[in-house]
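Just so it is clear, the values below take in all heavy atoms, side chains as well, and ignore hydrogens, waters and symmetry mates. What you see is a predicted model, and the numbers here were worked out from it, not measured in a lab. To find a chain, count down the sequence lines: A is the first, B the second, and so on, and within it residues start at 1.
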Amino acid sequence: MSAKPPFYITTAIAYPNGVPHMGHAYEAIATDCIARFKRLDGYDVRFLTGTDEHGIKMLQTAQKAGITAPELLARNVPRFEAMVEAFNLSIDDFIRTTQERHHASSQAIWEKMAANGDIYKSTYAGWYSVRDEAYYAEDETQLNEQGVRLGPQGTPVEWVEEESYFFRLSAYQDRLLAYYAENPGFIMPEARRNEVVSFVSGGLTDLSISRTTFDWGIPVPGDDKHIMYVWVDALTNYITALGYPDTQADLFKRFWPADVHVIGKDIIRFHAVYWPAFLWSAGLEAPKRVFGHGFLFNRGEKMSKSVGNVIDPFDLAATYGVDAIRYFFLREVSFGQDGSYSHEAIVARMNADLANDLGNLAQRSLSMIAKNLDGVVPQPGPLSPEDEAILALADGMLEKSREAMEGQAIHHYLAAVWNVVAEANRYFAAQAPWALRKTDPARMATVLWVTAELIREVGILVQPVMPESAARLLDLVVVPADERGFDRLGAGHRLPAGRVLPAPVGVFPRYVEPETAS
RNA sequence: GGCAGCGUAGCUCAGUUGGUGAGAGCGCCGGAUUCAUAACCCGGAGGUCGGCGGUUCAAAUCCGCCCGCUGCUACCA
């Protein structure tokens with residue numbers, strides 16, 4: 001067992017009735033960045049992702065394709081698993097809700113909730129929308145011209161009357177409101193919290209949590225006619241992966257409650273209302289934070305199959321490079337807000353920030369060390385006020401980054417780092433070491449040492465966003481593998497003189513438009 | 001309909017509790033430079049801070065109304 005503080009972070013589990021789109025990759029990338037940041041900052045991190053494989057939609061999609069649900073999963077789930085490699089996700093576990101461990105866990109939490117008196121059997125009658133996975137009151141629906149009844153979201157609904165188990169959600173209203181009040185950071189960003197508070201304040205009704213109309217799911221303990229509502233099943237994944245129902249398991253004791261569930265803004269309610277209630281009912285603690293990120297738009301348009309602008313994340317990574325894609329989405333999009341992307345925006349970002357600012361800085365400074373100092377890190381002379389100032393600015397990056405990442409403001413963390421990169425370029429231009437070469441070689445050496453040290457610090461700090469490229473950057477200044485943690489930042493661990501550096505090679509290539517045949 | 005939020009340079013956005021002449025990045029124009037990935041550096045043009053009215057010595061920043069947009073939620077039908 002580690003002395004490091006624990007940090008448990010999860011993505012939502014993806015619904016694999018289709019293949020991954022950029023939205024899935026985005027959530028995974030952002031969560032991975034947070035996980036890596038915490039790991040480098042000295043935390044014992046547990047990072048979970050996975051797939052949500054039950055439910056009627058899975059059955060229907062399979063049916064449409066003329067195959068079974070397991071066959072559909074066999075086709076799609078590997079694509080989600082492939083994202084782990086393709087996007088360099090540093091996960092510790094990949095959970096699939098069809099796994100045996102998850103059946104046991106889901107049934108166990110159900111039994112706990114039942115034993116607590118929060119589950120009762122009744123009948124449910126109403127209009128159900130498969131697509132929305134929600135029931136609607138009759139007056140929430142209407143008939144269209146074709147005589148098809150539609151729900152408020154414009155999706156078809158069907159009359160369902162079935163015996164159902166209910167969860168006493170209404171009993172948790174006060175406790176939820178108290179929890180939101182006492183933990184202002186529970187729901188992030190803040191705008192989402194306001195919505196949830198207003199929703200819960202408006203009154204909670206009990207929740208139908210079982211179905212008898214199909215069987216692709218986990219059976220209710222002691223009543224096989226019923227299978228669990230997908231959200232009871234899905235949410236439970238977060239504790240299954242820690243060994244639940246064995247609450248004495250090492251993982252469970254160490255990592256529950258979760259520090260952050262990173263999810264899309266569309267499923268905030270399930271995570272911020274239902275999930276804490278389920279957990280309390282089962283005698284467990286609620287997670288510490290639920291962060292709802294925004295949606296991605298292709299050139300400002302929502303991605304949809306009918307518009308034909310759904311982007312394959314694997315294609316993007318192949319075209320621009322994994323790290324460039326990771327950087328683009330994490331830097332360009334305010335985490336928590338919706339974001340937009342386009343070829344032009346991606347190219348502009350990667351060329352300006354990565355190739356021109358950071359890559360070129362490394363190249364111009366390290367090549368001077370190679371050509372003028374035989375590739376050996378020089379011993380710096382007395383530091384000038386300019387040297388001290390830029391080093392101090394770099395030393396301040398960690399605190400700013402931490403502060404930003406406390407609130408998952410990934411874009412602020414990156415802005416802080418690139419502010420230093422911009423200043424470093426100004427510093428380099430102002431000091432003009434190429435001119436000092438003839439007038440004051442000792443001073444040139446000092447400037448080059450300072451710049452190399454800046455590259456070391458920036459390299460360490462950008463590892464969470466661009467693990468591969470940052471590693472190559474750090475290789476250029478020969479930072480040993482065990483000296484790449486955030487504890488190595490700052491004045492206490494400056495780049496030592498005497499290191500022999502390899503010949504500098506470009507880490508961040510410019511994106512050049514391929515020649516178009518005309 | 002209710003609640004919450006937003007509308008600031010061509011684009012994306014910053015602008016603590018009202019007070020140095022309204023900012024950043026990208027883009028554009030000009031200059032400088034050659035260490036470097038046609039990169040970096042310097043300078044410049046560009047805005048009625050959605051509109052109207054009000055409070056104040058002073059408002060992008062507070063209040064009211066209006067217009068437009070977004071989210072949550074309700075209801076009519």
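One interatomic measurement links the two molecules: NZ of A/Lys371 to P of B/A36, which rounds to 4 Å at whole-angstrom precision. Residue A/His293 contributes atom NE2, which lies 15 Å from atom C1' of B/G71 at whole-angstrom precision. With rounding to whole Å, A/Phe295 atom CZ is found 9 Å from B/C72 atom P. Between the P atom of B/A39 and the CD atom of A/Gln363 lies a distance of 15 Å, rounded to the nearest Å. For the pair A/Asn419 CG and B/C26 P, the interatomic distance rounds to 12 Å; values are reported in whole Å. In this entry the distance linking CD1 of A/Ile455 with C1' of B/A36 reads 11 Å, nearest Å. The distance from atom OH of A/Tyr341 to atom C1' of B/C11 is 19 Å, rounded to the nearest whole Å. Put simply, CG on A/Leu476 is 16 Å from P on B/A36, counting in whole angstrom units.
In B/G46 the base sits syn relative to the sugar, since the glycosidic angle is no further than 90° from 0.
A/Gly359 comes within 4.0 angstrom of a base, heavy atoms only. Contacts of A/Ala355 with the nucleic acid, taken as non-hydrogen atoms under 4.0 Å apart, include base atoms. Across all strands, A/Val507 comes closer than 4.0 Å to base atoms (heavy-atom distances). A/Lys265 comes within contact range of no nucleotide atom at all, as no heavy-atom separation falls under 4.0 Å.
Nearest-nucleotide mapping onto RNA chain B: of A/Arg349 and A/Ser367, the residue sitting toward the 5' end is A/Arg349. Heavy-atom nearest nucleotides on RNA chain B were determined for A/Val196 and for A/Glu332, and the one closer to the 5' end corresponds to A/Glu332.
Of all nucleotides present, only B/G23 satisfies the Watson-Crick or G-U wobble test against B/C13, with each distance under 3.5 Å. Using the Watson-Crick or G-U wobble rule with both distances under 3.5 Å, B/C72 pairs with B/G2. Applying the Watson-Crick and G-U wobble criteria (two distances, each under 3.5 Å), B/U56 pairs with nothing in any strand. With both pairing distances under 3.5 Å, B/C41 is matched to B/G31 as a Watson-Crick or G-U wobble pair.
Using a 4.0 Å cut-off between charged side-chain N and carboxylate O, A/Glu399 and A/Arg402 make no salt bridge. Taking the charged nitrogens against the carboxylate oxygens, A/Arg443 and A/Asp387 do have a contact shorter than 4.0 Å, which makes a salt bridge. With salt bridges taken as basic N to acidic carboxylate O contacts below 4.0 Å, one links A/Arg192 and A/Glu195. At a threshold of 4.0 Å, the pair A/Arg494-A/Asp395 counts as salt-bridged, since one of the basic side-chain nitrogens sits closer than that to a carboxylate oxygen. Comment: A/Glu332 does not engage A/Arg326 in a salt bridge, judged by the lack of any side-chain N to carboxylate O separation of less than 4.0 angstrom.
Relative orientation of the A/His24 and A/His21 rings is tilted, given thresholds of 30° and 60° on the angle between their planes. In this structure, A/Tyr238 and A/His271 have tilted ring planes: the angle between them lies in the 30° to 60° band. Between A/Phe186 and A/Tyr179, the ring-plane angle classifies as perpendicular under the 30° and 60° cut-offs. Ring pair A/Tyr124/A/Phe166 is parallel by interplanar angle, where below 30° counts as parallel and above 60° as perpendicular.
Proximity of the aromatic rings of A/Tyr511 and A/His343 is defined here by a centroid distance below 6.0 angstrom, and this criterion is met.
A distance of about 33 Å separates the P atoms of B/G27 and B/U17, rounded to the whole Å. A distance of about 16 Å separates the P atoms of B/U8 and B/U16, rounded to the whole Å. Spacing between B/G46 and B/A22 at atom P, rounded to whole Å, works out to 14 Å. Comparing the same atom, C1', in B/A32 and in B/C41 gives a spacing of 8 Å after rounding to whole Å. Straight-line distance between the C1' atoms of B/G68 and B/G43: roughly 38 Å, to the nearest whole Å. B/G1 and B/A58 have their C1' atoms separated by 39 Å, given to the nearest Å. Taking atom P on both nucleotides, B/U61 is separated from B/G15 by 15 Å, rounded to a whole Å. Spacing of P atoms, B/A74 relative to B/G18, comes out at 37 Å, to the nearest Å.
Just one residue in the list A/Trp280, A/Tyr120, A/Tyr172, A/Trp275 forms a ring-ring contact (aromatic ring centres under 6.0 Å, His included) with A/Phe167, and that residue is A/Tyr172.
Across B/G71, B/U37, B/A4, the shortest atom-to-atom separation from the side chain of A/Arg192 is found for B/G71.
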Could I get a table of every N or O pair under 3.5 Å where one atom is in the protein and the other is in nucleotides 8-10 of chain B?
none

List, with names and distances, any nitrogen or oxygen atoms from the protein found under 3.5 Å away from nitrogen or oxygen atoms belonging to nucleotides 40-46 of chain B.
| unit_1 | atom_1 | unit_2 | atom_2 | d |
| --- | --- | --- | --- | --- |
| B/C40 | O2' | A/Arg364 | NH1 | 2.8 |

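Residue pairs that meet the salt bridge (charged side-chain N to carboxylate O under 4.0 Å, His left out) test with at least one member in residues 352-362 of chain A, sequence neighbours left out, are A/Arg331-A/Asp353, A/Arg349-A/Asp353.
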